[in-house]
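Naming: A, B, ... by sequence-line order, numbering from 1 per chain.
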Protein chains: 2
Amino acid sequence: MKLRSATLMDVAREAGVSKATVARVLSASGYVGEETRQRVEAAVKSVGYRPNVMARGLRTQRSLTIGHLLIEITSNPFFAHVARAVEREALANGYKTFLFNHNKNSEQERFGVERFIERQVDAVIFTYPVDAESIAMLRAADMPVVQIERQRTADTHAVLVDNVAGIEAAMAHLLQFGHRRIAFIGGDPALFPHPGVRARSLEEDRLHTYLDALRGAGVAIDPDLVRLGEYVRLEDGSDVEGYGHARALLALKDRPTAIIAGCDVLAGGILRAAYEAHLRVPDDLSLVGFDDTIAGQLTPRLTSVAQPMAELGLTAFQLALASIEDPDIAPRTVTLAPSLVIRDSTGPVPVRATR
Amino acid sequence: MKLRSATLMDVAREAGVSKATVARVLSASGYVGEETRQRVEAAVKSVGYRPNVMARGLRTQRSLTIGHLLIEITSNPFFAHVARAVEREALANGYKTFLFNHNKNSEQERFGVERFIERQVDAVIFTYPVDAESIAMLRAADMPVVQIERQRTADTHAVLVDNVAGIEAAMAHLLQFGHRRIAFIGGDPALFPHPGVRARSLEEDRLHTYLDALRGAGVAIDPDLVRLGEYVRLEDGSDVEGYGHARALLALKDRPTAIIAGCDVLAGGILRAAYEAHLRVPDDLSLVGFDDTIAGQLTPRLTSVAQPMAELGLTAFQLALASIEDPDIAPRTVTLAPSLVIRDSTGPVPVRATR
DNA sequence: TTGTACGCGTTATCAA
DNA sequence: TTGATAACGCGTACAA
């Protein structure tokens with residue numbers, strides 16, 4: 001048998017006052033006699049009253065809940081960190097978040113949006129949106145939306161990362177160490193369609209910055225050193241995407257002395273290929289990761305372009321909250337800077353290769 | 001301006017019937033005329049009606065939501081996988097989950113429990129519970145509780161893992177390869193207080209099984225080879241717990257030829273220490289992880305005792321659901337079997353060491 | 001077969 | 001300073 005927990009009415013009875021008075025005491029608004037206030041507060045304790053957020057939400061039309069749609073929290077620690085940051089900020093403001101994983105599948109994303117609407121969330125955050133249609137559904141329901149990392153449509157808030165600056169920092173670091181044969185393993189622009197809001201997609205930003213940095217250093221571009229694909233492809237828990245690309249690169253007659261990876265998980269696969277080829281990192285090969293998620297847990301610890309995951313989540317929630325409090329504010333786009341974290345996987349170009 | 005979404009009343013108006021009739025159509029219960037049903041269904045589409053889960057919950061005293069309290073989703077992929085499995089099964093049954101991270105802090109745990117009670121969750125799952133008091137609060141509110149991995153109190157459901165079988169499998173594997181100097185880096189029983197329900201704590205189970213296996217193989221126990229502490233201790237994203245222990249072990253005059261780690265993250269630190277000592281794994285040192293989380297992403301890919309994370313989550317939700325549907329069922333304890341996943345980090349004992 | 005009316009636990013308005 | 005009372009959106013017992 002399930003016994004209901006104490007309600008406002010129970011407190012009122014216990015204190016010998018009306019529901020309205022109890023409500024006033026709890027919301028600390030309106031005039032309440034000092035003596036009554038104390039009686040009510042005592043009653044609240046004695047019956048163990050806890051407000052019912054559902055009932056409150058029904059009345060106020062606010063669920064104090066926001067929805068967070070993401071790719072898949074287990075596929076890349078990046079998502080877990082961003083989700084955690086959103087949750088932290090939400091909690092600090094009296095909110096809770098609902099998570100939903102869509103696996104880059106637009107039907108699943110749509111399904112998640114429907115669940116969120118049913119549950120009356122006050123706003124929805126995407127990391128990142130797959131289908132513009134999902135955003136349109138939420139706009140139709142007048143729900144504030146924030147897009148993290150990739151901006152599909154221009155009509156909502158967005159929190160982005162300056163990928164150009166990230167790759168520039170990584171390239172400068174490697175060039176300074178004397179590397180000239182630098183390979184790039186990253187996301188394929190064709191697999192991540194251009195949303196149309198910004199001039200270049202995230203993948204294009206990174207790729208072009210890599211090419212520009214080489215040109216800037218007077219290095220001829222070798223197409224063999226550019227390998228594009230997915231960011232995460234696991235088989236039996238092992239990354240096979242970075243592994244496969246790295247095997248191909250290391251088998252080249254004139255193999256690269258350094259590799260930039262589009263994500264730390266990819267970099268894990270690259271390290272495995274290097275180990276099997278009996279190459280030591282960074283002595284024989286330098287490696288830079290991206291995200292700074294598992295970088296420190298790999299061997300050697302990876303130099304990596306750190307995404308500002310905590311700030312991404314925090315800013316996204318704050319934008320959502322701003323629109324909850326005033327639905328009419330104009331959409332804002334915030335771009336955050338990544339930072340290069342230098343660890344043990346990068347070093348001077350091998351002597352052999354400088355000849 | 002925030003416009004309310006369509007309600008039952010709107011549908012009723014549109015279809016020219018009463019709210020009750022619409023409700024009957026939607027719940028597919030009670031008698032409804034065929035012609036009316038069609039009119040109602042058409043109206044539902046035309047106004048874009050979506051049930052309001054909060055209002056429904058207020059009426060039915062069911063939120064279709066369960067709370068999941070865990071240590072910290074970003075600290076170990078184990079938690080993310082278990083949480084995902086709970087979520088998957090919840091979703092399949094019309095439920096959503098709320099996550100809450102308590103960082104092994106009983107006040108935070110308490111705080112989370114309060115948030116869950118306020119939000120009227122229908123049950124709470126712990127991975128794992130810190131303080132018996134939190135469970136007591138939920139029992140007082142008549143909420144079903146499921147404990148995963150560690151059982152603090154006997155009055156709720158629990159889903160456990162057979163740690164004895166896990167360590168036995170790992171030890172048998174290493175002994176078969178001829179290893180005799182096998183080190184153990186694991187959780188310190190003193191840091192994870194014994195809950196009192198079972199004869200031995202998780203940490204005691206693992207440690208004793210390790211010792212028993214050695215004795216069973218006629219190997220004298222060397223206290224220098226046993227190192228106990230935390231499971232995860234990250235500094236700048238790198239595991240320093242396993243790293244520190246491994247450095248001590250590898251500095252021994254007669255160093256171990258194999259190490260069992262209490263968790264994959266620890267194993268990551270061990271690999272780093274081995275790499276710095278210019279030892280190749282498994283040629284010079286064999287290593288077995290635990291959990292099978294990042295095992296495949298490390299180099300070499302780790303042989304690891306896989307926890308049945310998907311089954312843990314699935315079973316936990318099913319037990320919770322069973323108690324939601326019938327609050328009077330007796331608490332059940334389900335113990336699941338781990339399995340040894342053999343990859344590239346274990347091999348025959350080095351010849352040098354067999355002399 | 002359909003409609004009326006009440007209550008779930010709040011908040012908010014209006015009188016007193 | 002306090003107390004009735006009307007919503008919020010839904011489900012359901014009961015009446016028609």
Practice item. Using a heavy-atom cut-off of under 4.0 Å over every strand shown, decide if R50(A) touches base, sugar-phosphate, or nothing. Key: sugar-phosphate
Review point. What does L8(A) touch in the nucleic acid at a heavy-atom separation under 4.0 angstrom: a base, only the sugar-phosphate, or nothing?
Key: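 Base contact - L8(A) has a heavy atom under 4.0 Å of at least one base atom.
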Atom-pair distance ([atom1] on [X]; [atom2] on [N]), nearest Å:
{"X": "I117(A)", "N": "dG9(D)", "atom1": "CD1", "atom2": "C1'", "result": "17 Å"}
{"X": "M9(A)", "N": "dT10(C)", "atom1": "CE", "atom2": "P", "result": "11 Å"}
{"X": "M54(B)", "N": "dT11(C)", "atom1": "CE", "atom2": "C1'", "result": "13 Å"}
{"X": "L58(B)", "N": "dG11(D)", "atom1": "CG", "atom2": "C1'", "result": "11 Å"}
{"X": "L64(A)", "N": "dT11(C)", "atom1": "CG", "atom2": "C1'", "result": "13 Å"}
{"X": "Q38(A)", "N": "dT1(D)", "atom1": "CD", "atom2": "C1'", "result": "16 Å"}
{"X": "R59(A)", "N": "dG7(C)", "atom1": "CZ", "atom2": "C1'", "result": "16 Å"}
{"X": "R62(A)", "N": "dT10(C)", "atom1": "CZ", "atom2": "C1'", "result": "15 Å"}

Around atom [atom1] of [X], are there more than 12 heavy atoms of other residues, nucleotides or ligands at under 6.0 Å?
{"X": "R88(B)", "atom1": "CZ", "result": "yes"}
{"X": "R37(A)", "atom1": "CZ", "result": "yes"}
{"X": "R139(B)", "atom1": "CZ", "result": "yes"}

**Study point:** Minimum-distance nucleotide (side-chain atoms of N52(B) versus dC10(D), dG11(D), dA7(D))
**Key:** dC10(D)
Study note, to complete from the structure: Quick note, A55(A) side chain, CB onward, closest among dT11(C), dG9(C), dT2(C) is dG9(C)
Point to revise | Plane angle bin for F116(B) and F98(B) - parallel if under 30°, tilted between 30 and 60°, otherwise perpendicular | key: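 Correct class here is parallel.
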Under 3.5 Å, is there a donor on one side chain and an acceptor on the other for [X] and [Y]?
{"X": "R119(A)", "Y": "T65(B)", "value": "yes"}
{"X": "T97(A)", "Y": "E87(A)", "value": "yes"}
{"X": "S63(A)", "Y": "Q120(A)", "value": "no"}

Any side-chain N or O of [X] below 4.0 angstrom from OP1/OP2 of [N]?
{"X": "Q120(A)", "N": "dC8(D)", "answer": "no"}
{"X": "R56(A)", "N": "dG9(C)", "answer": "no"}
{"X": "Y31(A)", "N": "dG3(D)", "answer": "no"}

Point to revise | Partner set under side-chain contact (heavy atoms from CB on, under 4.5 Å) for V17(B), not counting sequence neighbours | key: A15(B), T21(B), V22(B), T36(B), R39(B), V40(B)
Under 3.5 Å between N/O atoms: give me all the protein pairs with nucleotides 3-5 of chain C, atom names plus distance.
unit_1	atom_1	unit_2	atom_2	d
dG3(C)	OP2	S18(B)	N	3.0
dG3(C)	OP2	S18(B)	OG	3.2
dG3(C)	OP2	T21(B)	OG1	2.6
dG3(C)	N7	R24(B)	NH2	2.9
dG3(C)	O6	R24(B)	NH1	3.1

Practice item. Please tell me if the side chains of L319(B) and T156(B) come closer than 4.5 Å, counting only heavy atoms from C-beta onward. Key: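 The answer is no, as the side chains (C-beta and beyond) never meet within the 4.5 Å cut-off.
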**Study point:** Worked check of side chain to side chain contact (heavy atoms under 4.5 Å, CB included) between L138(A) and F126(A)
**Key:** CA-CA 12 Å; L138(A) 292 165; F126(A) 286 89; 3.6 Å; yes
Check your understanding: At what angle, to 10 degrees, do the two end axes of the helix from dT1(C)-dA16(D) to dA16(C)-dT1(D) meet, given five pairs define each axis?
Key ->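 Comparing the first five pairs with the last five, the axes sit 50° apart.
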Practice item. Please tell me which of P51(B) and E35(A) maps to the more 5' nucleotide of DNA chain D, matching each residue to the nucleotide holding its nearest heavy atom. Key: E35(A)
